[in-house]
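A short worksheet on the structure shown next.
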Number of protein chains: 2
Amino acid sequence: MVIVTPEQARSSDETARSRATDEARPPATVTLADVARRAGVATSTASLVFSGRGPVAPATAEKVARAASELGYAGPDPRAAQLRTGRTRVVGVSYDGTLAGAFADPYQVALLGGFSELLDAEGYGLLLLPESQGAAGLPLSSHSMDAVLFAMCGALERPDVDALAARGLPLLGTGAPLDDRVVQLTIPDRGATAEIVEHLRGLGHTRIGHVTMPLAAGARPGLVSAAEASGADYVDTRDRARGFLDGGGTPELIAAASDLTVDAGAAAASLLLDADQPPTALVCQSDLLALGAIKAAGERGLAVPDDLSVAGFDGVETPWFSGRLTTADQRPAEKGRELGRMMAALLRGEPVASGTFDVRLRPGTTTGPAASQFVAE
Amino acid sequence: MVIVTPEQARSSDETARSRATDEARPPATVTLADVARRAGVATSTASLVFSGRGPVAPATAEKVARAASELGYAGPDPRAAQLRTGRTRVVGVSYDGTLAGAFADPYQVALLGGFSELLDAEGYGLLLLPESQGAAGLPLSSHSMDAVLFAMCGALERPDVDALAARGLPLLGTGAPLDDRVVQLTIPDRGATAEIVEHLRGLGHTRIGHVTMPLAAGARPGLVSAAEASGADYVDTRDRARGFLDGGGTPELIAAASDLTVDAGAAAASLLLDADQPPTALVCQSDLLALGAIKAAGERGLAVPDDLSVAGFDGVETPWFSGRLTTADQRPAEKGRELGRMMAALLRGEPVASGTFDVRLRPGTTTGPAASQFVAE
DNA sequence: TTGAAAGCGGTACCAG
DNA sequence: CTGGTACCGCTTTCAA
């Protein structure tokens, strides 16, 4: 078992260095100036060598490179470069809640994957900023970054927006926080949900229940009224609930999940399935919640879609699920890429318009004709 | 549809500012010096007000706060603070491959969740650094951070380690890259896998197959020899393969998956199940791969565990799966937290020893007696 | 093609 | 408790 302390790491490093150099006391930390001195050139010239920007004679470049490797120079210190240039090559990604919570949802993972794909290509790193960061006392704006994406659809307001905007950082969101300074890529949550309900009504369903995402940070899960659901803090929860009502869902059959997981979906769906007059169809605000509903149905001996139709929202990959979930497909990876494109433009200083992203109703094998109408035998 | 450009955002901001200030030409970007000047105090004093470090008279603090809000000051610029203090409050998390690939595995997600939990509490943000970063031309070390976690178990070497170490950054890994300067938290991959095989042999299995994780970046998936598997580039793949052989697995029945997904597991398992003399048990190097194997078995009409026993590795939550997977549980969230604790100590400059993390064989409902021995009827 | 010098915006000494 | 002042390490004009 090896013990390594930063001190040891540094000192062993210095040993290696002093073997290569002939100076008596090499500086604790090698700077570009040290390299330039050793190479016999000006700091500015050495800088050009590393950035590859200006014209430098091959021989000079060679001298600098040799000096650098002799001194064990790690390259220009990014902190100094950032201060000087103002650019950090970092994009912040802000979440409501914890990372574990956010990434439990394949939708978020796919979205971030698509986003990252594009920003990687431009050499940006993603700085994850869970809500707890704020709780730790540090405002978001105390991290250095070139822009921020508000990723986990969520709260309408965020106190950090002021400070971030004051810094002149481009801000991008997917519906929240609601603020003029945040460029948005939204989806028609309301219309798409209404469309799902209509699809089910077209199949003959009349008692249609709704499983919502959490209504607000720390909100109590369980049965909720139509008014509570359509007044949710979280924009997407709210809009989908409104769409559910628009489409003709049953207002008495709404249950909120505690979080975006299969188990939470099963728990919320259970409340509806165990009602006196249970629904014959369930519209869930996310695919994971829908899979939970299907699980809950299974536990009650209900066949999907014969006894119960279930629809989701998002269009995530669920390779373990043998059916094809009826869902409102928002192609999360592609949406992430689109956000990446918008962000890249913003980073280049180009004007970017808020816009909407398409969602497509994708009928699968989990919705079918209402059972009570046609007795299958 | 609202158009917002960074320029507009800034100018509207300045409008707001000039409404509050009486100076004719406020500086384009407000600095601490501006605030101090307006408050009639020294910059150093203003600095103390924001950092809350030194003793400042309440009246003075009040003056500074007012000046700041009048000028629309966003708080000390993190870039400057970083250069001066040398601390960035950012921990890099390096992955082999893409983020989408890494986060497709619930094991990685849970691990990162646990890690983040601890570092959040200390006010650190996580900077995700997919491998593609390197491809974009920027070395890892061109980002400013206080330490780096090598998260996705992977390649034995990484060119970036030299530069990162030269910067004196604490480095933490879960087995890779293999380097004295990286503190490691490893698990007994080899022993744990051997234990699983022995468990199966105890159940009467004699033809035991193995589904491995990818052998190397860009390695060809499919049937592989025992030599290839036990010489894999990726340390964990390699060690688990060795354990498989140690425990008495069948050397001819090894297939490598193309990535860490259910579908890849199903594909690799299919190759083994379709062999002339198929295995009666499958030891998979990850839980996701195991679920894929179970899927492949189902497609062939094989019942688990009656016709085929399947074991996984990791111990992830799979709420959608109705059984309980037999697995080597490495409690990913807790492992992440332990890594967080080690990292926190490293960041405090404390010495941290490399160590091992426990893995427990957790028998579930997916392994049972070998079918050929006891004909159940 | 190279060198000199002026900051980027704070922080942390140290003197008063 | 407050002010003055050296830096942190690099990038970028501007001249030579």
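Chain letters run A, B, ... following the sequence lines, proteins first, then strands; residues in each count from 1. Both backbone and side-chain heavy atoms feed into the values below; hydrogens, waters and symmetry mates do not.
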| message | Can you build the contact string for nucleotides 9-16 of chain C? Use B for base contact, S for sugar-phosphate-only contact, and - for no protein heavy atom under 4.0 Å. | response | BBBB----
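Here the closest non-hydrogen pair linking A:L99 and B:L112 is CD1-CD2, 4.3 Å.
Put simply, CZ on B:R37 is 14 Å from P on D:dG3, counting in whole angstrom units. For A:R87 and D:dT12, the CZ to P distance is 11 Å, given to the nearest whole Å.
Between A:F103 and A:Y95 there is a side-chain heavy-atom pair separated by less than 4.5 Å.
For the pair B:R89 (side chain) and A:H143 (backbone), a donor-acceptor distance under 3.5 Å is absent. The closest donor-acceptor contact from the side chain of B:R167 to the backbone of A:A74 lies under 3.5 Å.
Dashed line: the shortest gap from a side-chain N or O of B:T60 to OP1 or OP2 of D:dC1 is not under 4.0 Å.
Taking a 6.0 Å sphere around CZ of B:R348, one finds it holds more than 12 heavy atoms contributed by other residues, nucleotides or ligands.
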